[in-house]
Amino acid sequence: MRFDVITLFPDMVDAVMGHGVLGRAAEQGLVELVTWNPRDYATDRHRTVDDRPYGGGPGMVMKVEPVRAAIQAARAAGEPASVVYLTPEGQKLDGAGVAALADCGRIILLCGRYEGIDERLIELEVDQEISIGDYVVSGGELPAMVMMDAVARLLPGVLGHADSAAQDAFAEGLLDCPHYTRPEVVAGQGVPDVLLSGDHQAVARWRHREALGRTWRKRPDLLEQRGLSHEEQTLLEDYRREQDY
Ligand SMILES: CC(C)(C)c1cccc(C(=O)NCC2(NC(=O)c3cccc4nocc34)CCCCC2)c1
């Protein structure tokens, strides 16, 4: 999959492709990132990309023309694409939204800076608006990188065997079970006996029960969405009994 990112900070966005899962995926050619800087499309001597807001007030607004020229250069450089504007006004990104984006042939991501972009640019060029959450951030670049990471992990071949097993667990709609590794005792704390038992069925059952219990305790909303099988109801009752809930 190819991502084109319209950003005033291309180096920041390029960094996401240099490491870990996405780094390997880029090396394997499973994922491609091209960044486009509106400053390269500013026609004046000072390469201006922002200007004062009409109506007055603090801060600056990103100008239409340089950003639009960058978007159109990106459009011209490949297959038809969906233009996604990362913005607090956007539809909240969740698993379903990420899966839908993974099905898009090509995505052009638009990142805002300053107080935002001129509204006419949204009307002219944006297909969908997406938000990663309700908190103030300084620009759309980190949201764009979050989105690219989440989408890329769903692409065939991107995750190795081990990672995809982990992803399956996350995708199961439950929080993860607790994890432990050597040494067996650290700071006077040991490891749950079942994990040392070698009984793989008991370990799998314990992990499923812990995942259910933690989800019930910390994110009951996720359980609401997901629902529980009869067997899971039983496991959760075991958990609550065991934890004296
Ligand atoms: C009520 C709420 C959400 C706290 C809020 C209300 C008003 C403004 C902001 C805000 O952060 N403005 C700054 C700005 N943010 C974002 O781009 C952004 C923020 C959050 C999630 C995102 N997902 O994608 C992009 C996102 C970056 C600079 C250009 C203007 C947008 C926040």
Side-chain angles (χ1 to χ4, degrees), residues 1-17 19 21-22 31 33-42 46-75 81-104 106-155 170 219 221-222 225:
M1 171 177 239
R2 172 168 159 162
F3 294 108
D4 290 77
V5 181
I6 314 297
T7 171
L8 294 173
F9 299 103
D11 296 350
M12 183 177 169
V13 178
D14 284 334
V16 78
M17 286 297 167
H19 311 276
V21 166
L22 279 190
V31 174
L33 168 66
V34 180
T35 53
W36 305 80
N37 188 341
R39 205 169 292 284
D40 297 334
Y41 297 88
H46 300 289
R47 296 173 24 117
T48 311
V49 293
D50 62 316
D51 203 339
R52 295 189 318 287
Y54 278 116
M60 302 292 272
V61 175
M62 288 178 80
K63 295 170 65 66
V64 176
E65 299 103 325
V67 181
R68 189 172 194 208
I71 291 174
Q72 290 180 336
R75 284 188 196 279
S82 176
V83 176
V84 173
Y85 177 36
L86 286 304
T87 169
E89 288 90 48
Q91 184 184 353
K92 198 63 65 49
L93 188 62
D94 62 7
V98 171
L101 287 163
D103 284 343
C104 288
R106 187 172 161 231
I107 303 174
I108 296 176
L109 295 162
L110 174 57
C111 305
R113 278 278 163 173
Y114 307 110
E115 300 307 306
I117 61 177
D118 185 304
E119 191 67 14
R120 291 166 291 184
L121 191 78
I122 298 172
E123 289 148 20
L124 287 166
E125 298 289 345
V126 171
D127 297 311
Q128 52 182 317
E129 297 182 299
I130 287 180
S131 169
I132 65 164
D134 295 336
Y135 33 81
V136 179
V137 292
S138 309
E141 285 79 9
L142 286 172
M145 291 193 261
V146 164
M147 203 202 92
M148 287 192 286
D149 184 274
V151 168
R153 291 176 63 92
L154 296 183
L155 301 175
F170 301 151
R219 288 292 309 277
D221 56 300
L222 290 178
Q225 278 174 30

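Both counts, for ligands and for their atoms, begin at 1 and track the order of listing. Just so it is clear, the values below take in all heavy atoms, side chains as well, and ignore hydrogens, waters and symmetry mates. Note that the numbering runs from 1 along the sequence shown for the chain. Since this is a predicted model, take the numbers as computed values, not measurements.
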For [atom], grab the closest protein heavy atom and report residue, atom and distance to one decimal in Å.
atom: atom 21 (C) of ligand 1; value: G133 O, 3.1 Å
atom: atom 23 (N) of ligand 1; value: I132 N, 3.0 Å
atom: atom 7 (C) of ligand 1; value: P88 CG, 4.5 Å
atom: atom 15 (N) of ligand 1; value: V137 O, 3.7 Å
atom: atom 20 (C) of ligand 1; value: Y135 O, 3.1 Å

Under 3.5 Å, is there a donor-acceptor pair linking the side chains of E141 and T7?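 Per modelled atom types, E141 and T7 side chains form a pair under 3.5 Å.
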So which bit of S138 gets within less than 4.0 Å of ligand 1, heavy atoms only: side chain, backbone, both or neither?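 The backbone, only.
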For ligand 1, is any non-hydrogen atom under 4.0 Å from S131's backbone (N, CA, C, O), its side chain (CB onward), both, or neither?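 S131 to ligand 1: contacts from backbone and side chain alike.
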E115, CD atom: more than 12 neighbouring heavy atoms under 6.0 Å: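 Enclosed: over 12 neighbouring heavy atoms sit under 6.0 Å from CD of E115.
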In Å and rounded to the nearest 0.5 Å, what is the [atom1] to [atom2] distance from [X] to [Y]?
X: D118; Y: Y54; atom1: CG; atom2: OH; answer: 9.0 Å
X: Q225; Y: D94; atom1: CD; atom2: CG; answer: 7.5 Å
X: Y85; Y: I130; atom1: OH; atom2: CD1; answer: 13.0 Å

Check whether any N or O atom of Y114, backbone or side chain, sits under 3.5 Å from an N or O atom of ligand 1, and answer yes or no.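 Between Y114 and ligand 1 (N or O atoms, distance only) the closest approach is not under 3.5 Å.
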Between S82 and Q128, does a side-chain hydrogen bond (donor to acceptor under 3.5 Å, both in side chains) hold up when you go through it step by step? CA-CA 8 Å; S82 176; Q128 52 182 317; 3.3 Å; yes
Is atom 1 (C) of ligand 1 less than 4.0 angstrom from at least one protein heavy atom?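 No, because not a single protein heavy atom sits under 4.0 Å from atom 1 (C) of ligand 1.
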Indicate yes or no: does R75 engage D4 in a salt bridge with an N to O separation below 4.0 Å.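 D4 and R75: not salt-bridged.
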salt_bridge(D50, R113) N-O dist < 4.0 Å: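 Here D50 does not pair with R113 in a salt bridge, since their nearest N and O are not under 4.0 Å apart.
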For G112, the ligand 1 atoms whose distance to one of its heavy atoms is below 4.0 Å: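 So the atoms of ligand 1 that pass are 28 (C), 29 (C).
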Between ligand 1 and I130, can you find any atom pair, the residue atom being a heavy atom, that is separated by under 4.0 Å?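 Judged by the 4.0 Å heavy-atom criterion, I130 does count as contacting ligand 1.
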